[in-house]
Novice: 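Got a structure for you, questions after.
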Number of protein chains: 2
Amino acid sequence: MLTNASKYAIRAVLHLTKKMDEATKMSGKEIGSDLDIPEAFIAKILQKLVKANIISSHKGPKGGFYMSKENLNNNINDIIWAVEGRDIFEGCFMGLPVCSDENPCPVHHIVAPFKEKLYMKFNDLTIKDFADEIKDNGTHLTIKGINVKI
Amino acid sequence: MLTNASKYAIRAVLHLTKKMDEATKMSGKEIGSDLDIPEAFIAKILQKLVKANIISSHKGPKGGFYMSKENLNNNINDIIWAVEGRDIFEGCFMGLPVCSDENPCPVHHIVAPFKEKLYMKFNDLTIKDFADEIKDNGTHLTIKGINVKI
DNA sequence: AATATAAAAGACTTATTTATCCTTTATATC
DNA sequence: GATATAAAGGATAAATAAGTCTTTTATATT
């Protein structure tokens, strides 16, 4: 449903937001290394995000990427839109040309409420809200430095 | 989540199953035309499905693709597996390296039950069950010959 | 002013998915 | 047996997604 690029983008933005209180900007290199994302690839994605006003950047020494106050008010859908340039929620899950409440595909009653919930969460919560939730829940954006039982 | 190929495959199998009572086999050409799927592409997919015993085929005049009694007992997951060769339900929706009930991503509580429901439906119901449901609900596998309000 | 740092920009490669085309094989019908 | 029909097989092309590399531009620090 989401491409690698937009998954990377979401993680990068949340990671940036998490670190923001330290007032230090992060380089693309650092972000890529922290999140195990190919550095050159995440650099391209970060570039797109800056253009779309999802994140901010500053060139030169001590420069890097950071979240401005305004940036924090964007939502996840803004990120996805900036990276993919299309609505990922449209279209029938099974690919039927006609799929609606009146003419539902066999999984319509499972998929429709799921999309609805997801869309609301991606639209109504700000990046700040997400970052707070992540901090509260102890969610790991990276696998570095944590012990996972496998 | 599903590729075009597996969406096409599911529609083709259900279409075949629907027409099965007429005891007439369907050509790949006919299936492609009925479902608005490129003929050469659906032909390749049908070939895979035959190999995986999801559908049956017969060469020559009056030949074509059809569903045997045994074929009807397969489920949707079998189709997806035959076409994609992997589990489409694995992995975190947001791409987090760690995502579980203990360490949930921000949408884990929305995604997990959705996947669960979908997996069950795709696993517990047979192709026959699906085809019956479609017939009962008047679901359209194709847009041909129906009037849709746009 | 020279230097080092880091993003911006653009060209390029690789992989995967989607789709097309052509030849071969099986088989029903005449 | 000749012919027509339809799937099987294989090779290739086009589109999209994923990832890499090199050069240019801005800027803080010395």
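All chains are named by letter (A, B, ...) in the order of the sequence lines, taking the proteins before the strands, and each is independently numbered beginning at 1.
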Novice: Does the pair A:Glu133/A:Lys121 count as a salt bridge with the N-to-O cut at 4.0 Å?
Specialist: yes
Novice: Starting from the 5' end of DNA chain C, give me the residue, A:Lys29 or B:Lys62, whose nearest nucleotide shows up first.
Specialist: A:Lys29
Novice: Between A:Gly60 and B:Ser27, name the one whose nearest nucleotide on DNA chain D is closer to the 5' end.
Specialist: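 The residue closer to the strand's 5' end, by nearest nucleotide, is B:Ser27.
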Novice: Whole-Å distance between C:dT17 C1' and B:Leu2 CG?
Specialist: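 Checked: the CG to C1' distance equals 14 Å.
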Novice: With nearest nucleotides of DNA chain C determined for B:Glu39 and B:Glu84 from heavy-atom distances, which residue corresponds to the more 5′ nucleotide?
Specialist: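 It is B:Glu84 whose nearest nucleotide is closer to the 5' end.
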Novice: Starting the side chain at C-beta, find the nucleotide from D:dT20, D:dT25, D:dA7 nearest to A:Pro38.
Specialist: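 Of all the options, the side chain of A:Pro38 is nearest to D:dT20.
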Novice: Tell me which nucleotide among D:dT20, D:dA8, C:dA6 gets nearest to the side chain of B:Val50.
Specialist: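 The closest nucleotide is D:dA8.
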Novice: Specify the separation, in whole Å, of atom NZ of A:Lys7 and atom P of D:dG19.
Specialist: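 Those two atoms, NZ and P, are 11 Å apart.
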Novice: Using the six-membered ring of B:Tyr66, assess whether NZ or CZ of B:Lys25 lies under 6.0 Å from its centre and within 45 degrees of the ring axis.
Specialist: yes
Novice: Nearest whole Å is fine: how far is D:dG19 P from A:Ile37 CD1?
Specialist: 10 Å
Novice: Is it true that the side chains of A:Glu84 and A:Thr3 contain a donor and an acceptor less than 3.5 Å apart?
Specialist: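 Per modelled atom types, A:Glu84 and A:Thr3 side chains form a pair under 3.5 Å.
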Novice: The side chain of B:Thr3 is closest to which nucleotide in this list: C:dT18, C:dA7, C:dT27?
Specialist: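 The listed nucleotide nearest to B:Thr3's side chain is C:dT18.
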Novice: Taking 4.0 Å as the cut-off, does a side-chain nitrogen or oxygen of A:Ser57 come that near to OP1 or OP2 on C:dA8?
Specialist: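 Checking A:Ser57 against C:dA8: at least one side-chain N or O falls below 4.0 Å of OP1 or OP2.
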Novice: The side chain of A:His58 is closest to which nucleotide in this list: C:dT27, D:dT20, D:dT27?
Specialist: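 From the listed options, D:dT27 comes nearest.
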Novice: Can you check the A:Leu35 CG to D:dG19 P distance for me, whole Å?
Specialist: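 Value for this atom pair: 14 Å.
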Novice: Under 4.0 Å between any heavy atoms, over every strand shown, what does B:Lys44 touch: base, sugar-phosphate, or nothing? Just pick one.
Specialist: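 It contacts base atoms.
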Novice: Please report, rounded to the nearest Å, how far the P atom of C:dC21 is from the CZ atom of B:Phe41.
Specialist: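 Those two atoms, CZ and P, are 14 Å apart.
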Novice: Are A:Tyr8 and D:dG19 close enough that a side-chain N or O sits under 4.0 Å from OP1 or OP2?
Specialist: yes
Novice: Check whether the side chains of A:Thr126 and A:Asn75 place a donor and an acceptor atom closer than 3.5 Å, and report yes or no.
Specialist: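 No pair is found: no donor N or O on one side chain lies under 3.5 Å from an acceptor on the other.
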Novice: In whole angstrom, what separates A:Ile45's CD1 from D:dA18's P?
Specialist: 8 Å
Novice: For B:Asp129 and B:Asp124, work out which heavy atoms get closest and say how close.
Specialist: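 For B:Asp129 and B:Asp124, the tightest heavy-atom pair comes out as OD2-O, 4.4 Å.
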Novice: Round to a whole Å and report the spacing from NZ of B:Lys59 to P of D:dA7.
Specialist: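 Spelled out: NZ on B:Lys59 to P on D:dA7 is 10 Å.
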Novice: Take the protein atom CG of A:Asn4 and the nucleotide atom C1' of C:dA15, then report the distance between them rounded to whole Å.
Specialist: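 Distance check: A:Asn4 CG to C:dA15 C1' gives 12 Å.
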Novice: What nucleic acid atoms does A:Tyr66 come within less than 4.0 Å of, heavy atoms only: base, sugar-phosphate, or nothing?
Specialist: nothing
Novice: Nearest to the side chain of B:Gln47, which nucleotide is it out of D:dT20, C:dA7, D:dG9?
Specialist: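 From the listed options, D:dG9 comes nearest.
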Novice: Got a second to check how far A:Phe122's CZ is from A:Asp78's CG, nearest 0.5 Å?
Specialist: 12.0 Å
Novice: Under 4.0 Å, counting only non-hydrogen atoms across every strand here, what does B:Lys51 touch: a base, just sugar-phosphate, or nothing?
Specialist: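 B:Lys51: backbone/sugar contact only, no base atoms under 4.0 Å.
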Novice: Let's see if you can work this out: which of D:dT5, D:dT27, D:dG19 has an atom nearest to the side-chain heavy atoms of B:Pro61?
Specialist: D:dT5
Novice: If you look at every strand shown and take non-hydrogen atoms under 4.0 Å, does B:Ala5 touch a base, only sugar-phosphate, or nothing?
Specialist: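 It contacts sugar-phosphate atoms only.
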